[in-house]
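For reference, the structure is listed below as structure tokens.
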Amino acid sequence: MPNTRVIYWFRTDLRLHDSPALQAALGLHPEAFWPVWTWDPHYVYRARVGVNRWQFLTDCQNDLSKSITKLNKKSKLFLMREAPQTLFPKLFKAWKITHLVFEKDTDAYARDRDANVIKAAEEAGVQVIVRSGRTLWDSDLLVEKNHGKPTMSISQVQNAGPKIGLIPRPIPAPKSLPDPGPTNLDFKQDEPDQRPDFNGKSRQSADKSYEKIAGPKGDFAVPTLEELGFPSATSAHRGGETIGLKILDNIISDETYTATFEKPKTSPAAFDPQATTLLSPHLHFGSLSIREFYWRVQDIVTTFKGKASQPPVSLTGQLLFRDMYFGAQAKLGYSFGQTMYNSHCRFIPWHLPSKVNHETKLVTGEYHIDSTEAEEWFQRWKWGRTGFPWIDALMRQLRKDGWIHHLGRHAVACFLTRGGCYVSWERGAEVFEEWLLDHETASNAGNWQWLSCTAFFAQFYRCYSPVAFPKKWDKEGAFVRKYVPELKNLDDKYIYEPWTAPLANQKKAGVKIQGNGSEDVQGVYPKPMFDFGERRTVCLDGMKKAYQVGLYGDDAKVIDGSWRKLFDDHGEGPTEGESFEDAMGPSAGSEDKIREGPEHGFDDDGAIEEDESGAKEIGGESKGGEKRGSKRKAGQKTLDAHFKKLKTG
DNA sequence: GCACTGGTTGGCGAA
DNA sequence: CTTCGCCAACCAGTG
């Protein structure tokens with residue numbers, strides 16, 4: 001088509017195979033075609049992204065760029081370091097663009113962003129083409145066919161999905177790409193707002209990825225980890241369409257594995273190789289198409305001679321859960337990622353609840369420390385020093401590799417929330433957001449709600465034991481020995497409860513079970529941070545009570561704080577009455593009452609009061625750091641400092 | 001409206 | 001060593 005000049009905007013579809021949006025763009029037969037990525041400050045600073053996920057993302061981008069160049073020597077992935085909302089209006093003019101094409105994204109932030117970009121395009125006379133492709137079915141259509149309601153069970157997806165139609169067969173990758181037009185950038189770069197930087201703590205040096213719009217060499221290159229100020233990645237799992245398709249080939253080549261896969265029967269303790277496909281990060285970044293995955297598996301299942309497994313436990317069944325969470329998020333928007341204002345998330349008076357801005361109805365990224373004990377438990381959980389080897393091994397695997405098995409995620413999520421610490425699922429979700437390679441908001445928030453029994457799942461009396469559960473999979477503790485090497489010589493019978501090992505056995509194994517993990521001493525592993533049996537009972541009682549009270553995140557009593565009157569004074573978590581005062585400190589007139597106030601634009605009405613220890617260091621930003629840090633309790637400060645040291649060291 | 005079943009992945013002790 | 005029923009009890013979906 002003469003005079004058609006197209007920007008194809010890549011986002012979470014970093015591939016050439018099976019892209020409905022890319023097909024639509026090429027169907028315009030443009031005279032000029034630019035494959036573009038915009039380096040969005042929202043992702044760089046306001047999302048929690050650990051170094052391993054940066055590596056995976058840039059792997060995908062570099063691989064895609066190479067593949068583009070293979071199809072057209074003049075072309076590549078043109079990566080520009082600016083927010084799309086400000087960049088595109090300038091590009092439309094500079095490059096005389098007629099069409100902008102991209103794949104639909106139903107993440108809450110993405111919808112806002114895309115709406116702004118679409119508006120700017122309309123104002124510039126640029127035609128926008130959007131195609132669904134990230135999920136099996138268009139998430140908005142799925143909601144529509146589910147009577148306009150968020151998809152909250154797998155049976156709803158299984159009913160609503162087929163009403164939309166058959167899952168489309170994958171589209172082959174294009175065999176050629178049109179030339180790009182000139183890539184002049186004779187306009188001024190809009191500098192990003194670097195504050196707050198949720199990833200600031202991970203950086204060794206300042207982020208330099210925005211210094212020039214087309215990169216340091218002006219060649220539109222993908223930023224390096226060094227430019228981002230990050231140290232080297234620690235995970236061996238690498239990104240890119242080439243790798244994603246190769247992993248799929250390997251899976252498919254084992255017909256029995258593919259056709260008889262049953263998720264609950266795969267071992268969370270297996271490593272090298274793991275028991276599941278490890279394709280989830282590729283689905284997240286789009287380096288593997290979900291329909292490619294679906295149909296390659298389905299075709300094996302159809303021809304398989306023998307008894308094939310069925311959804312939801314089968315391989316294709318796993319994909320249905322993903323669509324379920326996307327459907328829930330598509331309807332519930334931002335509120336799906338939090339408890340407050342979430343109409344479908346049960347309210348439980350967890351420890352360490354999120355702070356909320358009641359004007360925007362969004363969480364601020366900070367949280368209340370209602371209990372220093374719970375904060376210590378949370379930090380020990382995060383850094384793999386709980387004293388429960390199964391939990392610690394999983395959390396260390398997460399930090400190092402960026403991936404843990406689904407059932408391992410169950411174990412650590414249950415332990416942090418309803419089955420141990422009674423800490424808000426939102427704290428755990430933030431850690432997963434930072435460290436998981438495959439993190440996507442919909443699946444992460446959905447699964448945390450599932451495991452914490454606040455949505456999707458309600459059998460809170462089914463509780464994972466950090467001792468009994470792993471024994472079912474790994475009697476010898478090979479997984480623990482790999483990720484918690486302090487314990488590698490301990491006898492099998494003590495591997496999941498080393499505190500029961502007699503001193504003679506500890507000595508023989510070269511490990512001392514002592515302390516609370518606050519000191520990093522060679523040959524020492526901490527004692528368990530609580531009696532699990534006791535905590536399980538306390539949590540179960542708390543959950544029972546919270547279910548009886550029956551509040552959801554959008555209830556007026558939850559929002560105004562009057563929920564406290566409905567809970568027993570002696571129950572777990574922040575409650576009303578005398579012991580509330582004891583636990584939280586006086587709610588008024590305290591000299592230490594330094595609060596997140598209107599000066600920060602947060603209008604938190606204090607649904608839960610903080611204790612005098614501050615509760616300000618969280619959220620990954622340095623805002624108000626020193627002032628409040630000094631008010632922290634000494635013990636906690638030491639612990640925090642230690643964990644920080646571990647993290648960088 | 002009510003009884004009943006099933007729910008991707010629990011733990012435990014008895015037989 | 002495996003299988004079964006119980007624990008104390010949730011919700012959604014169905015007839």
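On a predicted model such as this, the values are computed, not experimentally measured, just so you know.
Among the nucleotides B/dG10, C/dC11, C/dA9, the one closest to any side-chain atom of A/Y461 is C/dA9. In the set C/dA12, B/dG11, B/dT8, the nucleotide with an atom closest to the side chain of A/S153 is C/dA12. Minimum atom distance to the side chain of A/P264 is reached by B/dT9, of the listed C/dG13, B/dT9, C/dC11.
A/I154 has its CD1 atom 18 Å from the P atom of B/dG6, to the nearest Å. Between the C1' atom of C/dA9 and the CE atom of A/M543 lies a distance of 12 Å, rounded to the nearest Å. Put simply, NZ on A/K475 is 9 Å from P on C/dT2, counting in whole angstrom units. For A/Q459 and C/dC10, the CD to C1' distance is 6 Å, given to the nearest whole Å. Separating the OH atom of A/Y464 from the P atom of C/dC7 is a distance of 22 Å, rounded to the nearest angstrom. The NZ atom of A/K544 sits 17 Å away from the C1' atom of C/dC11 (whole-angstrom rounding). Rounded to an integer number of Å, the gap from A/M324 CE to C/dC11 C1' is 14 Å. Distance A/F261 CZ to B/dT9 C1': 11 Å, rounded to the nearest Å.
Checking the phosphate oxygens (OP1, OP2) of B/dT8, no side-chain nitrogen or oxygen of A/S314 falls inside 4.0 Å. In this structure, A/Q156 reaches the C/dG13 phosphate: one of its side-chain N or O atoms is under 4.0 Å from OP1 or OP2. The side chain of A/R462 places no N or O atom within less than 4.0 Å of a non-bridging phosphate oxygen (OP1 or OP2) of B/dG11. Phosphate proximity of B/dG10 to A/R536: absent, as no side-chain N or O sits under 4.0 Å from OP1 or OP2.
On the P atoms, C/dC4 is 22 Å away from C/dA8, given to the nearest whole Å. Remark: the separation of the P atoms in B/dG6 and C/dA9 is 22 Å, to the nearest Å. Distance noted for atom P between B/dT5 and C/dG5: 14 Å (whole Å). Taking atom C1' on both nucleotides, B/dG1 is separated from C/dT14 by 13 Å, rounded to a whole Å. Taking atom P in both B/dT8 and C/dT2, the straight-line distance is 26 Å, to the nearest Å. Between the P atoms of C/dC11 and B/dG11, the separation comes to 22 Å (whole Å).
By the 4.5 Å heavy-atom criterion applied to side chains, A/W425 and A/C345 are counted as neighbours. Contact check for A/D107 versus A/R134: side-chain heavy atoms found under the 4.5 Å cut-off.
Both geometric conditions, a ring-centre gap below 5.5 Å and a plane tilt below 30°, are fulfilled for A/F321 over the base of B/dT8.
Figure legend. B/dG11 is base-paired to C/dC6; pairs are counted as Watson-Crick or G-U wobble with both atom distances under 3.5 Å.
Geometrically, A/K382 engages A/W435 in a cation-pi contact, judged by NZ or CZ lying under 6.0 Å from the ring centre and within 45° of the ring axis.
If you check every strand for non-hydrogen atoms under 4.0 Å, A/Y547 touches sugar and phosphate atoms only. Looking at heavy-atom distances under 4.0 Å, A/W473 makes no contact with the nucleic acid at all. Within 4.0 Å of A/R418, counting heavy atoms only, lies no atom of the nucleic acid at all.
Side-chain polar atoms of A/T339 and A/E426 form a donor-acceptor pair below 3.5 angstrom.
Counting heavy atoms of neighbouring residues, nucleotides and ligands inside a 6.0 Å radius, atom NZ of A/K545 exceeds 12 of them.
A/W137 and A/F326 have their aromatic ring centers separated by at least 6.0 angstrom.
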